[in-house]
K.L.:
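The structure is given below, and queries will be raised subsequently.
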2 protein chains.
Amino acid sequence: MFTLSEENYLKAIYHLEIDTDKGISTNAIAKKLITKASSVTDMIKKLSEKEVVVYKKYQGVKLTNFGKKIAANIVRKHRLWEVFLVEKLNFSWDEVHDVAEQLEHIKSPKLIDQIDTFLGFPTHDPHGDPIPDKEGNINTIEKSLLSTLLKNESGICVGVNDSSSEFLKFLDKKGIKLGKQITVLEKEDFDDSLTIRIDDIKLSISNKIANNLYIKKS
Amino acid sequence: MFTLSEENYLKAIYHLEIDTDKGISTNAIAKKLITKASSVTDMIKKLSEKEVVVYKKYQGVKLTNFGKKIAANIVRKHRLWEVFLVEKLNFSWDEVHDVAEQLEHIKSPKLIDQIDTFLGFPTHDPHGDPIPDKEGNINTIEKSLLSTLLKNESGICVGVNDSSSEFLKFLDKKGIKLGKQITVLEKEDFDDSLTIRIDDIKLSISNKIANNLYIKKS
DNA sequence: ATATATTTTTAGGTTAGTCTAAAAATTTTA
DNA sequence: TAAAATTTTTAGACTAACCTAAAAATATAT
Ligand SMILES: [Mn+2]
Ligand SMILES: [Mn+2]
Ligand SMILES: [Mn+2]
Ligand SMILES: [Mn+2]
């Protein structure tokens, strides 16, 4: 069994491994968990003892298959709880993350199974992120950052890169939701801002926004 | 804000105060929490600093009004989660307690409000225990242990005194559920066992059972 | 290639929450 | 009411999870 802190380290490493095949550096983990590198070294040694990570001094860490499974299960719980909060308890998508950070640590296999059933086996969370199955497998779909689309390309909005409350509220205000069709009408070389069409409305958005929205091209 | 451990101490004291007006002894708390008296003394000092209990050496502790409110809120969360698990997630009444012990510590006022609404503002948990309102008030009803009923008295089964999984499963097997009408047909002086009628079935139950079932006389 | 900068680890400390053993206070018994 | 038993507190230690500061290793720049 893993402590709350150990679970958070595993999850952090799991998320960091999505972008790379190399070992995850002490500093990267420290940054993600808002802690100190020395604390990370301590914890990594413990996780290594428990055989959830492989660690060689100065080389960074990698999750073992066992570690990946543990981590994926925490992510699974996190995302299922987020769906539950939005679908059943009237939370908005910018309110669920912090509560899910707590709920993901509840230990009860039956509970999460029943939540999954109750929700009708959802495949994605409210932010468009895929929900791992019980074995830890995830179904990744082909998606591109809106900022990489060319003029006249279009697709469906399927996810966010930044799921901070501020960004999500901003999207709400602009009427940008998952599932909406978006077409790039103009790209400004000057500041990389875009003019897009969504719901037959023209919208001008900055590069920062376009860099945090995922589109499934169509 | 209170730690998980502090919350468990507050809840333990809260439950122990139901049976008495006197200060709650160090040993009683240690027994309830399955810990050592010395640990209790340590924690009590901390809780006293935080003004949730009043403590004088060797005199036991009492919750302050503030402490009572905190404790009642944890009990509220515990019982609402138990209702949720039974009503919405197909848990049986003997499976919910341990999960609720974890869920009661989740910090999100909105979450518990929404669960309350989602459940239709239940007043009692699956074991017949009253759910405190947001201010910490509970609605106590007049109830008697089945063992105290006289021959030919009857009433509705409204609660259990022992909510261990073993006892609850035993009740399931015998067909004894909350809400059922129970009539005492016989009382044996010899071993204080009872013959009762429930659903037009005659049942013989030991004093130990009768001592753990609450009846609202009618 | 050597000096400089950065990253990582080690060493030593802190706090929360627990424990055992012993001392002190209170309660019970005779 | 004095001795015995019990309860409670204190003293000192331990572990998990952090921290700061310094040392060691690695990476970068000239
Ligand atoms: Mn989240
Ligand atoms: Mn999410
Ligand atoms: Mn319970
Ligand atoms: Mn209950």
Side-chain angles (χ1 to χ4, degrees), chain A residues 1-14 16-17 19-63 67 70-71 74 101-102 104-105 107, chain B residues 1-14 16-17 19-63 67 70-71 74 101-102 104-105 107:
Chain A
M1 214 32 62
F2 295 89
T3 66
L4 186 141
S5 199
E6 287 169 345
E7 289 191 346
N8 282 334
Y9 274 88
L10 288 174
K11 189 166 54 110
I13 299 165
Y14 179 86
L16 290 166
E17 278 190 349
D19 302 319
T20 177
D21 286 330
K22 290 195 224 128
I24 305 302
S25 75
T26 304
N27 260 3
I29 298 168
K31 191 180 173 192
K32 176 144 272 201
L33 293 176
I34 313 173
T35 182
K36 304 292 155 160
S38 53
S39 306
V40 174
T41 304
D42 278 359
M43 180 59 92
I44 276 170
K45 287 176 180 167
K46 220 180 348 149
L47 293 175
S48 179
E49 292 276 301
K50 290 195 169 189
E51 314 215 314
V52 283
V53 301
V54 174
Y55 166 63
K56 278 199 203 114
K57 274 189 194 178
Y58 297 98
Q59 307 286 122
V61 282
K62 283 186 182 186
L63 291 174
I70 304 287
I74 301 163
E101 285 288 304
Q102 300 178 61
E104 71 190 4
H105 301 290
K107 276 147 183 96
Chain B
M1 214 33 62
F2 295 88
T3 66
L4 186 142
S5 199
E6 287 168 344
E7 289 191 346
N8 282 335
Y9 273 86
L10 288 173
K11 190 166 55 110
I13 299 166
Y14 179 86
L16 290 165
E17 278 189 350
D19 301 318
T20 176
D21 286 330
K22 290 194 224 129
I24 305 303
S25 77
T26 304
N27 260 3
I29 297 168
K31 192 179 172 191
K32 177 145 272 199
L33 293 176
I34 313 175
T35 182
K36 302 292 155 159
S38 53
S39 306
V40 174
T41 303
D42 278 0
M43 179 59 91
I44 276 170
K45 286 176 182 167
K46 218 179 352 147
L47 293 176
S48 178
E49 292 276 300
K50 289 196 169 189
E51 313 217 311
V52 281
V53 300
V54 174
Y55 167 63
K56 278 200 204 114
K57 274 190 191 175
Y58 297 97
Q59 307 287 120
V61 282
K62 284 187 182 185
L63 292 174
I70 305 288
I74 302 162
E101 285 288 305
Q102 299 178 62
E104 71 189 5
H105 301 289
K107 275 145 185 100

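Below, chain A is the first sequence line, B the second, and so on; all start at residue 1.
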K.L.:
Starting at CD1 of Ile29(A) and ending at C1' of dT8(C), how long is that distance when rounded to a whole Å?
P.N.:
12 Å
K.L.:
Of all of residues 32-41 of chain B, which get a heavy atom below 4.0 angstrom from DNA chain D, listed by number?
P.N.:
Ala37(B), Ser38(B), Thr41(B)
K.L.:
How far apart are the closest heavy atoms of Leu10(B) and Ala71(B), and which atoms are they?
P.N.:
O-CB, 3.7 Å
K.L.:
Within the structure provided, determine whether Lys11(A) and Asn8(A) are in side-chain contact (heavy-atom separation under 4.5 Å).
P.N.:
yes
K.L.:
From CG of Asn27(B) over to C1' of dT27(C), roughly how many Å is that when rounded to an integer?
P.N.:
13 Å
K.L.:
Side chain to side chain contact (heavy atoms under 4.5 Å, CB included) for Val52(B) and Phe2(B)? Distances and angles first, verdict last.
P.N.:
CA-CA 10 Å; Val52(B) 281; Phe2(B) 295 88; 3.6 Å; yes
K.L.:
Side chain to side chain contact (heavy atoms under 4.5 Å, CB included) for Leu33(A) and Ile29(A)? Distances and angles first, verdict last.
P.N.:
CA-CA 6 Å; Leu33(A) 293 176; Ile29(A) 298 168; 4.0 Å; yes
K.L.:
I need the residues from residues 48-63 of chain A with at least one non-hydrogen atom less than 4.0 Å from DNA chain D; give them sorted by number, or say none.
P.N.:
Tyr58(A)
K.L.:
Do any N or O atoms of the protein come closer than 3.5 Å to N or O atoms of nucleotides 12-14 of chain D, and which pairs are they?
P.N.:
none

K.L.:
With a sphere of 6.0 Å drawn around NZ of Lys107(B), does it hold more than 12 non-hydrogen atoms of other residues, nucleotides or ligands?
P.N.:
yes
K.L.:
dT6(D) P sits how many Å from Lys31(B) NZ, rounded?
P.N.:
15 Å
K.L.:
Given the rule in the side chain to side chain contact (heavy atoms under 4.5 Å, CB included) test, do Tyr9(A) and Val40(A) qualify, once you have shown the distances and angles that lead to the verdict?
P.N.:
CA-CA 8 Å; Tyr9(A) 274 88; Val40(A) 174; 4.0 Å; yes
K.L.:
Specify the separation, in whole Å, of atom OH of Tyr9(B) and atom C1' of dT18(C).
P.N.:
8 Å
K.L.:
Which pair of heavy atoms, one from Tyr55(B) and one from Gly60(B), lies closest together, and at what distance?
P.N.:
CD1-O, 4.0 Å
K.L.:
For Lys36(B) versus Ala30(B), what's the shortest heavy-atom pair and its separation?
P.N.:
C-CB, 3.9 Å
K.L.:
Could you give the CE-to-C1' distance, from Met1(B) to dA16(C), as a whole number of Å?
P.N.:
18 Å
K.L.:
Give me the atom names and distance for the closest heavy-atom approach of Leu63(A) to Glu17(A).
P.N.:
N-OE2, 2.8 Å
K.L.:
At under 4.0 Å, does any side-chain N or O of Thr26(B) touch on OP1 or OP2 of dT9(D)?
P.N.:
yes
K.L.:
Is Tyr14(A) close to Ile24(A) at the side-chain level, that is, under 4.5 Å between some pair of heavy atoms?
P.N.:
no
K.L.:
Rounded to whole Å, please give me the gap between CE in Met43(A) and P in dC19(D).
P.N.:
11 Å
K.L.:
Which atom names give the shortest non-hydrogen contact between Thr26(B) and Ala37(B), and what distance separates them?
P.N.:
CG2-O, 3.4 Å
K.L.:
Nearest whole angstrom, please: distance from the P of dT7(C) to the CD1 of Ile44(A).
P.N.:
15 Å
K.L.:
Would you mind reading off the distance between Glu6(A) atom CD and dT15(D) atom C1', rounded to a whole angstrom?
P.N.:
12 Å
